[in-house]
S.K.: 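One structure coming up, written as structure tokens, with questions to follow.
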Amino acid sequence: MTTTDFTLSAIEGNGEIGALTPGQIFRQRMFGHTGFLIGAGLILLIALVAIFAPVLAPHDPFAQSLSSRMLPPVWIEGGTWDHILGTDQNGRDYLSRLIYGTRVSITIGLGAATVGLLIGVTLGVIAGYFGGWIDHGISFLLTAQLALPGLLLAMALVFIIGPSIWVVIGIVGVLHWTYYLVVTRAATQRIRSLDFVAAAAASGASSRQIIWHEILPNLLSAIIVIFTFELGIAILAESSLSFLGVGIQPPTPSWGLMIAEGKQAMFYRPWLVILPGICLFLLVIGANLMGDGLRDITSPEGRNE
Amino acid sequence: MLRYIALRGLLALLVAFTVSLAAFLLLNVAADPAQAIAGEDATPDVVEAIRARYGLDRPLSVRYFDWLGGVLQGDFGESYYWHKPVAALVADRADETITLAFSALAVTIVIAIPLGALAALNPNSWIDRFALGVAVSAQAVPNFWLGLIMIILFAVMIPIFPVSGDDTWKHFVLPAFVLGASSVPAVMRLTRTGLIEVMGADYIRTARSKGFRGWQLLRRHALRNAILPVISVLAVQLGQKFGGSVITESIFAINGLGRLALESILGADIPTVQMLIFVFAIVFVAMNLLADILNAALDPRIRIG
């Protein structure tokens, strides 16, 4: 099915059959998609900041200094070049904390989106492939999960179990698998009725082999698209939890927690709240634009849905 | 039709009780609730005393059916923290959250539907791009951060609205905007896609050929059909507003259910948390049921299929 699509677009695009390989078409679409380029650029930039945080950060993000508390950023009266974005209530360099904050957000985003992927894709493929009462059971589970007040339950669980980065990853992941399930279930149902699956079954392949070798490879692009969106959703969920005090705990530099800490002083020093929020916004909008772009690139029919 | 509603209603009830069971299991199995109530530094005999006092030493199944039996008689147990019946506590605070949820929905409608309609009538124009920009940004903004920014802008820098509290209608403007903004992307996109689809239909061409133009065409022919799916999504969004009230209420110090949820979690008040999860799930399920019924009532094709 995918091959026909690519061939068709090759005809439309060039007037010659087979002038472009699928890979070339993919690249052409990718570099012609402004939203994707902006999103991927943002994600790449923030990932690089996270990887090279120790090199980029001008100060130790944990080093406190009582003599230089609450310094403003350099462009506001009283700011110094030594602390370009100022310092927080404990005299810690704000820029360095923001830089290290990328690591927290990205780790939790990747971790939770992976946990959700494992649960959602497993259930989705099983429901779509086997159908019948298994499908009904899993669909009921989906309805129940959607009715759960996610943030509230996540807050309660993190509080009871005790907050740590792994607990936050696990809980945010366990509560965010429905999107994977809905999409992979429908796609599996569609693929299952195609000829090549029947051919594999006729040549004696077991259900397991069919799922691993025929179905999952065809779900890959859809899964990657959802993963990108879920990355943004998980990062927002972590920041909300940390903001409310039931997520990442001090002194770890999490952007949501930094906003909560800056909140006390926000009437006089609004940058303490504004700066981490902008970081969160850029990271999440990057993930969303990249997800939108990937969806358009891999399936142009599905645009604007 | 009645049969359809009864069947759906039964399923909704089943979902609500599944959710309560899931929440109960998660809250009691994930960690030791007695330890959470006692606090981290409590000695083992304090923990044991608490376990005995709240009946947490009984088997899980006994406790669940005990809780369920109470719920069926309208008794949700007594709050560990406020030492009052939980049901009275919740009833006391429900007003604020209902006001907030409905005003948030009004904000969503006022922003999302006109914007989506304008975008659909002028595809690929600047207004379409602007609407898309609004949707993409609203999806990436952390809700709690938007709330703080609104306070800084419209309560401190330009003091039009109060910073926090819930005494007058003025107190609800900023919270309603913040909570309503989170539903704008979904409702706007749906209005836009729905209207574009309807505008391409044959009967619109007929209406056009009969001389209908602009606003009249929209009001008398297009909007009516495009709005059907939007209405059911609005019902679903209203259901989510209750669970979403946790963040908004804690930022603006509104004494509603969301704030009660945060307070009871931080106070390890499990009966209150348990009831709030149940209530939020019931509201969500009821709103979905309403959406299903509205859909079926407005579109007879669904009832048959």
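Each chain gets a letter, A, B and so on, in the order its sequence line appears, and its residues count up from 1.
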S.K.: Answer with side chain, backbone, both or neither: which region of L141(A) has an atom nearer than 4.5 Å to a non-hydrogen atom of chain B?
M.R.: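 It is neither, since no heavy atom gets under 4.5 Å.
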S.K.: Heavy-atom pairs under 4.5 Å with chain B - which of L152(A), V246(A), I161(A) has more of them than the others?
M.R.: L152(A)
S.K.: Can you tell which of V246(B), V156(B), N288(B), I277(B) has the highest number of heavy-atom pairs within less than 4.5 Å of chain A?
M.R.: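 Top option by heavy-atom pairs under 4.5 Å: I277(B).
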S.K.: Any idea which of V141(B), T18(B), L148(B) has the most non-hydrogen atom pairs under 4.5 angstrom with chain A?
M.R.: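 Looking at each option in turn, the highest pair count goes to L148(B).
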S.K.: Please look at V19(B) and chain A and tell me whether the side chain, the backbone, both or neither of the residue comes under 4.5 angstrom of a heavy atom of that chain.
M.R.: both
S.K.: At a heavy-atom separation under 4.5 Å, does I285(A) approach chain B through its side chain, its backbone, both, or neither?
M.R.: both
S.K.: Is there a side-chain contact between F140(A) and V15(B), using heavy atoms and a 4.5 Å cut-off?
M.R.: yes
S.K.: Could you report the tightest heavy-atom contact between L236(A) and A140(B), atom names first, then the distance?
M.R.: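 Answer, listing the atom of L236(A) first, then A140(B): CD2-O, 4.0 Å.
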S.K.: May I have all residue pairs that pass salt bridge (charged side-chain N to carboxylate O under 4.0 Å, His left out) and include part of residues 127-137 of chain B, sequence neighbours excluded?
M.R.: D128(B)-R192(B)
S.K.: Can you list every pair that meets side chain to side chain donor-acceptor pair (under 3.5 Å) and has a residue in residues 97-107 of chain A, with sequence neighbours left out?
M.R.: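 Residue pairs with at least one partner in residues 97-107 of chain A: there are none.
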S.K.: At a heavy-atom separation under 4.5 Å, does I149(B) approach chain A through its side chain, its backbone, both, or neither?
M.R.: side chain
S.K.: For V163(B), is it the side chain, the backbone, both or neither that has a heavy atom under 4.5 Å from a heavy atom of chain A?
M.R.: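 Just its side chain gets close to chain A.
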S.K.: L282(A) versus chain B, heavy atoms under 4.5 Å apart: side chain, backbone, both or neither?
M.R.: neither
S.K.: Where does S137(B) contact chain A at under 4.5 Å (heavy atoms): side chain, backbone, both or neither?
M.R.: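 Answer is both: backbone and side chain atoms of S137(B) are under 4.5 Å from chain A.
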S.K.: If you count the non-hydrogen atoms of other residues, nucleotides and ligands that lie under 6.0 Å from CH2 in W75(A), is the total more than 12?
M.R.: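 Result for CH2/W75(A): enclosed.
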S.K.: Tell me which of these, W255(A), F267(A), F243(A), has more heavy-atom pairs under 4.5 Å with chain B than the rest.
M.R.: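 Of W255(A), F267(A), F243(A), F243(A) has the most heavy-atom pairs under 4.5 Å with chain B.
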S.K.: If you count heavy-atom pairs within less than 4.5 Å of chain A, which of L11(B), L146(B), V283(B), L14(B) leads?
M.R.: L14(B)
S.K.: So which residue, L26(B), V285(B), V273(B), ends up with the most heavy-atom pairs under 4.5 Å with chain A?
M.R.: L26(B)
S.K.: Rounded to the nearest 0.5 Å, what separates atom CD1 in I247(B) from atom CE in M155(A)?
M.R.: 8.0 Å
S.K.: With chain A, which of L266(B), I270(B), I196(B) has the greatest number of heavy-atom pairs at distances under 4.5 Å?
M.R.: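 If we count pairs closer than 4.5 Å to chain A, L266(B) comes out on top.
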S.K.: Please check if the number of heavy atoms outside Y81(B) that lie under 6.0 Å from its OH is greater than 12.
M.R.: no
S.K.: Taking the side chain as every heavy atom from C-beta outward, state whether F144(B) and S239(A) have any pair of such atoms under 4.5 Å apart.
M.R.: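 Heavy-atom side-chain distance check passes, below 4.5 Å.
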S.K.: Between F284(B) and A147(A), which heavy-atom pair has the shortest distance, and what is it?
M.R.: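 For F284(B) and A147(A), the tightest heavy-atom pair comes out as CD2-CA, 3.4 Å.
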S.K.: Between L190(B) and chain A, which part of the residue has a heavy atom less than 4.5 Å away: side chain, backbone, both or neither?
M.R.: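 Contact with chain A involves no heavy atom of L190(B) at all.
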S.K.: Within a reach of under 6.0 Å around CD of E197(B), are more than 12 heavy atoms found that belong to other residues, nucleotides or ligands?
M.R.: no
S.K.: Please report the shortest heavy-atom distance between Q139(B) and V284(A), naming the atom on each side.
M.R.: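 Between these two residues, the closest heavy atoms are O-CG1, 4.4 Å.
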S.K.: Going from CG on L262(B) to CZ on F159(A), what distance comes out if it is rounded to the nearest 0.5 angstrom?
M.R.: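 Between L262(B) CG and F159(A) CZ, I get 10.0 Å after rounding to 0.5 Å.
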S.K.: Measure I282(B) against the heavy atoms of chain A and call it side chain, backbone, both or neither at under 4.5 Å.
M.R.: neither
S.K.: Heavy-atom pairs under 4.5 Å with chain B: which of I274(A), L289(A), L151(A), L280(A) has the most?
M.R.: I274(A)
S.K.: Going from CG on L153(A) to CG on L27(B), what distance comes out if it is rounded to the nearest 0.5 angstrom?
M.R.: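 Answer for the CG-CG pair, L153(A) versus L27(B), is 6.0 Å.
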